[in-house]
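FYI, the numbering just counts along the sequence from 1.
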Amino acid sequence: MELDPDDVFRDDEDDPDNEALRERASSKELVVYLVDASPKMFSTKCPSEDQKDESHFQIATSCILESLKTQIINRSYDEVAVCFFNTREKKNLQDLNNVFVFNVADREFLDRPTAKFIKEFSRLEEFFMKDIGSQYGIVSGSRENSLYNALWVAQALLRKGSAKTADKRILIFTDEDDPFGNIKGGAKADMTRTTLQRAKDAQDLGISIELLPLSQLDREFNISLFYADLIGLQGENLAQFMPAAGERMEDMKYQLRKRMFKKRIVRKLTFSVANGVSIEVHTYAFIRPTVLGSITWLDSVTNQPIKIERSFICADTGALMQEPPKRFQTYKNQDVKFSVEELSEIKRVSTGQLRLLGFKPLSCLKDYHNLRPSTFIFPSDEEVIGSTRIFIALHRSMIRLKRFAVAFYGTSSHSQLVALVAQEEIIDSGGQVEPPGMHLIYLPYSDDIRHAEELHSTTNASVPRANEDQIKKAAALIKRIDLKDFSVYQFANPALQRHYAVLQALALEEDDLPDIKDETVPDEEGLARPGVVNAIEEFKQSVFGDKYEESDNAGHKKVSEASKKRKALADSAVQKSVQYNWAELADSGKLKDLTVVELKIYLTAHDLPVSGKKEDLIKRILTHMGK
């Protein structure tokens, strides 16, 4: 049975008939970036990747810009706002001083990122000082508190949506570890207390506050002075918060990307453990291959998404049908009518619950039972109090007895048996490596399993086997070309990168496409290392011998028709190539006067690729000639 890759890697939320999932509002993120715009953020310089000095403000805004570009592709329904504090001008709904919410026309303060918003934000450095300005909002002798105002504005922006259906977050960028350091006496204590209370009020409303600190080159950001209390860090979490010294500036974009990529719940399930005992669990998806986004049809005039509506017209009167249509099934010469709701109920196979059936030894679970990527489940006490306790008891018993659970699981239209395999928590010196929980493995049906076919050879023929020397040479070769610390995250899909680069250039009206590095091509430089070359040659010699030539079954030299044709073309190209003075044509710039066919003569004669446009062919020739 041939499997459909799209179906194998489809998650439960991709099921259009998943009524249980449709009943729950889809979760999205509402994020407010709070960026410190004080003069200190502009005066502090740090070396960037291209060896140019960048201010802390430039680092923060460039990180946000990259995050917005990624978000508009990966999470286009999430909503963001960019808010600067310690500014000269003010722009916010509360009319508070020293707080400026950046925005563009035809967009709310907290809204989905648009191409126009990203384009204007990329030009921020050109007009920031003129239109927004920078000044200290917390000074001695004044009761103004710009950080308090910024948290107030951010909290007001995040009133949108419910905490149950949206994750609300505030991300603070600053290099000032003690914002009230210049204030003395009771005023400092009062401002500190009111700011911490404002942060606590926001957290009580389900808003998480996170900090991305920017350290000085000669002084590390001291989070314990103020911000540890603001974001609620204590004990080990406080000690592990600050990244290593060498990673502070270089990994700022990575730190933001890691925090923005939050683990999201795929589904919330009711796990029926026994009669009358049910708990709530959340499911999480593992690594999935990235695919192109779905097509959205737009109106040619307004460029707005088109909403498809369907109406039924009465065949007799031509009037629009106001009531929903009914289906019927003829039975014994009578039409039995069904409503849409009744048909849906008839077709319903399962309510979407996970129901425990029993337990089996782990030895009964085979590798080939893993039909598709598994799902990770974890308990939650949000709706069913005590779910975590029951889950932990079941989890510990399964590990102790070396059993896995067999359960019934399915959507409204599809059901199957699943295996629940308990995973122990793994912790090392750096923290948690693997979380405790269970893997939900989708068990196959009988026709999903294809038995391996054995290779039957004739009785007279001997089966070739590698000797010890060949095995030793092969192992040495594999060791030489083995990728150290391999991770799937090291390689991006070049076709997807190209696709989104074109979309970005069109949306932002960019003239040039960014260079897309194909990380999947062989590492020619690495394969050319003497150690690798020697390992390859030793392996070839041990397997094929010194004077190996490919031959057919009759022992004759095997040369295909395609090889003969390629050799004939190469010989012809060599003869024609000597008729041209290629060096003179290259020096005088007359290569562009030749036709594509003539340019390919040189390339074919020198065994070079002949694909691409005329400009590519000329560039390839000049590179080969060292011009």
Side-chain angles (χ1 to χ4, degrees), residues 1-18 20-21 24 26-27 73-75 258 261-271 281-294 349-350 352-357 360 362 364-380 391 395 398-399 404-426 432-450 452 483 485-493 495-496 519-520:
M1 186 181 92
E2 191 169 345
L3 296 176
D4 181 9
D6 293 336
D7 182 64
V8 169
F9 291 104
R10 182 181 291 118
D11 290 324
D12 294 325
E13 74 271 25
D14 298 330
D15 184 2
D17 299 325
N18 195 337
L21 186 62
R24 301 180 184 269
S26 59
S27 177
I73 295 173
N74 295 341
R75 306 178 301 276
K258 183 173 68 175
F261 188 77
K262 193 175 181 180
K263 296 180 179 66
R264 300 200 184 188
I265 301 168
V266 174
R267 285 195 64 187
K268 296 179 180 180
L269 293 176
T270 300
F271 184 13
V281 294
H282 291 175
T283 65
Y284 299 85
F286 289 109
I287 296 174
R288 298 287 190 272
T290 306
V291 296
L292 296 177
S294 58
V349 178
S350 171
Q353 292 186 352
L354 185 64
R355 189 167 69 251
L356 180 63
L357 300 179
K360 293 182 75 68
L362 282 172
C364 296
L365 191 63
K366 306 301 181 182
D367 292 339
Y368 56 83
H369 289 161
N370 197 10
L371 181 65
R372 48 178 282 198
S374 62
T375 303
F376 191 76
I377 64 175
F378 198 79
S380 172
F391 188 90
H395 179 269
M398 290 168 61
I399 292 176
F404 73 92
V406 180
F408 176 83
Y409 170 68
T411 61
S412 60
S413 59
H414 179 71
S415 60
Q416 62 186 121
L417 295 179
V418 295
L420 301 179
V421 181
Q423 171 179 285
E424 290 190 86
E425 182 180 22
I426 300 177
Q432 188 185 71
V433 178
E434 297 288 350
M438 294 187 189
H439 291 274
L440 190 149
I441 299 175
Y442 302 90
L443 298 177
Y445 292 99
S446 59
D447 54 356
D448 290 330
I449 300 176
R450 177 182 294 173
L483 297 176
D485 301 323
F486 170 77
S487 171
V488 292
Y489 297 112
Q490 297 172 351
F491 302 94
N493 187 331
L496 283 176
E519 299 166 333
T520 62

- Just wondering, do Leu443 and Leu365 contact through their side chains at under 4.5 Å, heavy atoms? yes

- Query: Partners of Ile399 by side chain to side chain contact (heavy atoms under 4.5 Å, CB included), sequence neighbours excluded?
  - Reply: His395, Ala422, Glu424

- Task: Could you list the residues that satisfy side chain to side chain contact (heavy atoms under 4.5 Å, CB included) with Ala407, not counting sequence neighbours?
- Result: Leu354, Val418, Leu420

- Task: Quick one: pull up OH in Tyr442 and CG in Leu417 and give me the separation to the nearest 0.5 Å.
- Result: 13.0 Å

- Message: Please enumerate all residues that pass side chain to side chain contact (heavy atoms under 4.5 Å, CB included) together with Pro435, with sequence neighbours excluded.
- Response: Phe376, Gln423, Gln432

- Message: Taking side-chain hydrogen bond (donor to acceptor under 3.5 Å, both in side chains) as the definition, give me every residue that meets it alongside Thr520, ordered by chain and number, with sequence neighbours left out.
- Response: Asp518

- So, the side chain of Asp448 versus the backbone of Tyr445: is there a donor-acceptor pair under 3.5 Å, distance only? yes

- Can you sort out the partners of Glu434 under side-chain hydrogen bond (donor to acceptor under 3.5 Å, both in side chains), two or more places apart, ordered by chain and number? none

- Could you list the residues that satisfy ring pair (Phe, Tyr, Trp, His ring centres under 6.0 Å) with His282, not counting sequence neighbours? none

- Message: Quick one, Ile441 and His369 - any side-chain contact, counting heavy atoms below 4.5 Å?
- Response: no

- Query: For the side chain of Thr375 and the backbone of Leu440, is there at least one donor-acceptor N/O pair under 3.5 Å apart?
  - Reply: no

- Message: Contact between Phe404 and Cys364 at the side-chain level, heavy atoms closer than 4.5 Å - yes or no?
- Response: yes

- From CZ (Phe378) to CE (Met438), nearest 0.5 Å: 11.0 Å

